[in-house]
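In what follows, chains carry the letters A, B, and so on, assigned in the order in which the sequence lines appear, proteins first and then strands, with residues in each chain numbered from 1.
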Number of protein chains: 2
Amino acid sequence: MNPGGHPTSGGGRTPRRDERSPGKPATALDVAHRAGVSRTAVSFVLNGKSDGNIAEATRQRILEAARELDYRPHPVARSLRTSRTQLIGLITDSIASSPFAGQLLGGATDRARERGHLVAVFDSGERPALEEQAAEEFAGRRVDGLIYASMGLREVASVPDVGLPTVLANCFDARGELPSVIPAEEEAGATAARCLLDMGHRQIGVITGDLVVAGPRRLAGFTKTLAESGVKPVAVQELRGGWTIDAGFHATRAMLTRADGQLRQRRPTAIFCVNDRVAAGALLAAAGLGLAVPADLSILGFDDQEELAANLVPSLSTLALPHREMGRQAVDLLLDVVEQPDAPVTPTLRELPSPLVWRESVAAPPPTR
Amino acid sequence: MNPGGHPTSGGGRTPRRDERSPGKPATALDVAHRAGVSRTAVSFVLNGKSDGNIAEATRQRILEAARELDYRPHPVARSLRTSRTQLIGLITDSIASSPFAGQLLGGATDRARERGHLVAVFDSGERPALEEQAAEEFAGRRVDGLIYASMGLREVASVPDVGLPTVLANCFDARGELPSVIPAEEEAGATAARCLLDMGHRQIGVITGDLVVAGPRRLAGFTKTLAESGVKPVAVQELRGGWTIDAGFHATRAMLTRADGQLRQRRPTAIFCVNDRVAAGALLAAAGLGLAVPADLSILGFDDQEELAANLVPSLSTLALPHREMGRQAVDLLLDVVEQPDAPVTPTLRELPSPLVWRESVAAPPPTR
DNA sequence: TTGTATGCGTTATCAC
DNA sequence: GTGATAACGCATACAA
């Protein structure tokens with residue numbers, strides 16, 4: 001209470017109460033007891049509400065007592081009282097099958113931790129029925145909010161509404177009512193184009209695919225940027241269905257050779273591929289045709305599928321979808337609304353850039369021709 | 001709390017009190033009230049302890065009341081009381097970077113859900129310091145137990161001990177004190193061998209790698225099973241470091257051709273590859289050498305790296321590491337000890353089989369030779 | 001400025 | 001069989 005009091009041992013006989021027997025964490029009452037104050041004071045100090053309420057000396061005493069006792073508020077008791085669990089539910093259509101979803105998840109858990117939250121995850125495995133169920137289970141568990149993450153960018157028809165703050169990651173809802181964070185696909189296409197343009201390429205080919213949402217946007221940004229420099233793709237191949245290494249291989253051959261198997265006269269000096277697998281096929285096709293990459297032909301991939309892109313020879317320059325960052329920002333978006341329950345729900349749509357990952361497969365075009 | 005104890009709203013209009021206004025979930029007291037019994041009775045019935053205590057009629061009445069009110073026990077309140085959060089903490093060295101970790105996670109969340117638990121995850125991103133921190137944070141959050149999962153099979157030196165039940169997935173501790181679940185690597189090697197043997201192959205090559213733990217075991221099982229049939233690998237290549245498509249390509253060429261580039265006389269009719277990337281390289285090498293797969297040469301991969309194996313031409317037969325099952329069983333192991341706190345901790349080591357995934361790249365050897 | 005009393009919703013211990 | 005009553009640990013309106 002006052003400096004003349006007994007800051008440390010109250011009685012003469014060292015009862016050693018400060019060393020709590022392990023397994024019995026200190027409670028707020030213990031702290032109050034030890035600091036010679038009430039639980040209220042403890043609560044105020046530890047929640048930063050001590051400003052005009054608690055004397056500085058008292059505050060210090062409480063802080064010290066808490067430290068000595070290694071006090072941590074019991075999260076469950078706190079939750080019961082505040083009706084906030086500091087838990088986020090993340091529902092995804094497939095963590096399991098995508099190498100990217102993990103990045104998103106990693107970003108989300110990281111950021112959540114920074115903001116004092118845990119992320120509980122549930123994988124619907126592409127079974128929409130389970131998503132609804134998962135949402136309800138999370139709601140029943142009183143999570144503070146929900147994140148829906150999809151593996152591929154897509155528009156989701158309906159998100160189960162269980163009365164919880166919800167944000168979308170790598171997807172968006174038709175009615176644009178929910179905050180969501182997605183890749184800026186058009187910009188990514190533009191980045192790819194600029195990369196090739198800046199290296200001096202003018203004869204540019206593109207192998208695209210029937211990607212539902214992302215594809216057209218990406219291609220639009222690509223061709224538009226090209227057009228702004230007065231360049232038109234010299235060749236375009238559209239892959240349907242399987243964007244495999246094999247498909248990339250054949251598409252590239254078709255793009256580079258004539259029917260008789262000879263190299264075309266007028267052929268691209270650079271090819272932009274819809275994804276890294278296709279780019280891998282392109283690499284192989286080039287090798288088969290005696291074209292050196294990147295000396296004779298530059299190849300730019302998409303996705304930064306690490307297991308693949310970094311291990312090819314030559315290693316693949318590509319664009320990395322911002323999965324990790326989507327995870328982080330989805331959490332931010334969500335916690336912002338969780339922590340401001342009264343604020344109006346702004347249907348934010350954040351579009352994140354896909355950074356270029358420079359490796360070996362892109363260089364300036366060959367001087368001649 | 002309930003004003004006047006009227007089951008319906010006080011006013012004459014819109015009685016419908018049983019349809020709780022959303023946002024105000026029914027409590028156990030509400031149920032007791034509505035069924036005209038005490039909370040004790042409700043608790044007994046809902047926790048299955050009604051056997052000799054509650055009259056069947058009463059039991060039914062309570063059940064009905066609960067159903068009508070759509071009562072669900074408040075998990076936070078329950079946790080506070082039982083000091084069990086029904087939460088599992090999963091720490092992994094890299095969800096993010098591995099396509100497999102997702103499977104493990106999926107299996108874990110699935111099984112946890114079946115047993116009434118949620119899985120909160122944290123990705124240390126290969127930073128061991130963070131693992132300790134994560135463990136402490138989970139402990140502070142009062143999770144019921146911890147799972148450590150690693151991306152590649154390995155022995156872990158020390159697992160942070162935060163006084164929580166812990167099990168290991170896809171790794172094991174040096175002292176064998178912790179329950180853990182890992183792939184049966186030797187058996188997997190045997191399975192691969194038997195697969196090739198059963199198809200009639202006797203000239204068998206293997207491209208292995210310097211995989212720390214799994215490699216030797218797997219190879220041991222493979223060669224042992226071969227030996228039991230009196231077969232010795234006709235060629236063995238060991239890859240160091242990068243197990244890339246490219247490495248597989250060159251290793252396969254080396255295995256199939258002589259120094260002058262001609263096909264060897266005595267060459268394998270089947271090759272077992274350390275992983276699917278290497279197998280992809282083998283596929284390409286075979287194609288380059290004019291060998292048809294699987295007609296002239298069978299290729300068996302390992303890992304079932306889906307993005308790759310299923311999309312190659314021909315698609316790759318391979319062995320799938322039991323990641324999903326490891327996740328499931330890790331949860332089972334963990335919850336078994338969580339639910340039997342008094343039982344002695346048996347340092348179980350479960351070894352799970354890697355199923356063969358039949359696709360196109362393996363067939364009988366060519367008749368001649 | 002500090003202390004007191006109460007509620008969050010459950011489970012568990014007893015007397016009745 | 002049943003029904004009060006006490007924790008669990010924290011936060012806070014309100015009284016001192």
Between [N] ([atom2]) and [X] ([atom1]): distance, integer Å:
X      : N       : atom1 : atom2 : value
L46(B) : dT11(C) : CG    : P     : 8 Å
R81(A) : dA7(D)  : CZ    : P     : 19 Å
R39(A) : dC14(D) : CZ    : C1'   : 15 Å
R61(B) : dG1(D)  : CZ    : C1'   : 12 Å
Y71(B) : dT11(C) : OH    : P     : 6 Å
R84(A) : dG9(C)  : CZ    : P     : 17 Å
F44(B) : dA4(D)  : CZ    : P     : 15 Å
Q86(A) : dA11(D) : CD    : P     : 11 Å

Quiz item: Counting only side-chain N and O atoms of R78(A), is one of them less than 4.0 Å from OP1 or OP2 of dA11(D)?
Solution: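 True: R78(A) side-chain N/O within range (under 4.0 Å) of dA11(D) OP1/OP2.
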
Quiz item: Are T27(A) and dC8(D) close enough that a side-chain N or O sits under 4.0 Å from OP1 or OP2?
Solution: no

Choose from [options] the nucleotide whose nearest atom is closest to any side-chain atom of [X].
X      : options                  : result
H74(B) : dC10(D), dT12(D), dG9(C) : dG9(C)
L80(B) : dG3(C), dA4(D), dG9(D)   : dG9(D)
T40(A) : dT12(D), dC10(D), dC8(D) : dT12(D)

Between the side chains of [Y] and [X], is the shortest nitrogen-to-carboxylate-oxygen separation below 4.0 Å, so that they form an ion pair?
X       : Y       : result
R39(B)  : D30(B)  : no
R328(A) : E114(A) : yes
R324(A) : D110(A) : yes

Would you indicate what [X] reaches in the nucleic acid, counting non-hydrogen atoms under 4.0 angstrom: base, sugar-phosphate, or nothing?
X       : answer
V37(B)  : sugar-phosphate
T58(B)  : sugar-phosphate
R142(A) : nothing

Quiz prompt | Residue whose nearest DNA chain D nucleotide is more 5′ - S43(A) or S38(B) | solution =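 The answer here is S38(B).
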
Quiz prompt | The single option from R78(B), E339(B), R142(B) passing side-chain contact (heavy atoms from CB on, under 4.5 Å) against R84(B) | solution = E339(B)

Quiz item: Would you say the side chains of E325(B) and Q329(B) form a donor-acceptor pair under 3.5 Å?
Solution: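 Checked: E325(B)/Q329(B) side chains pair up, N/O donor to acceptor below 3.5 Å.
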
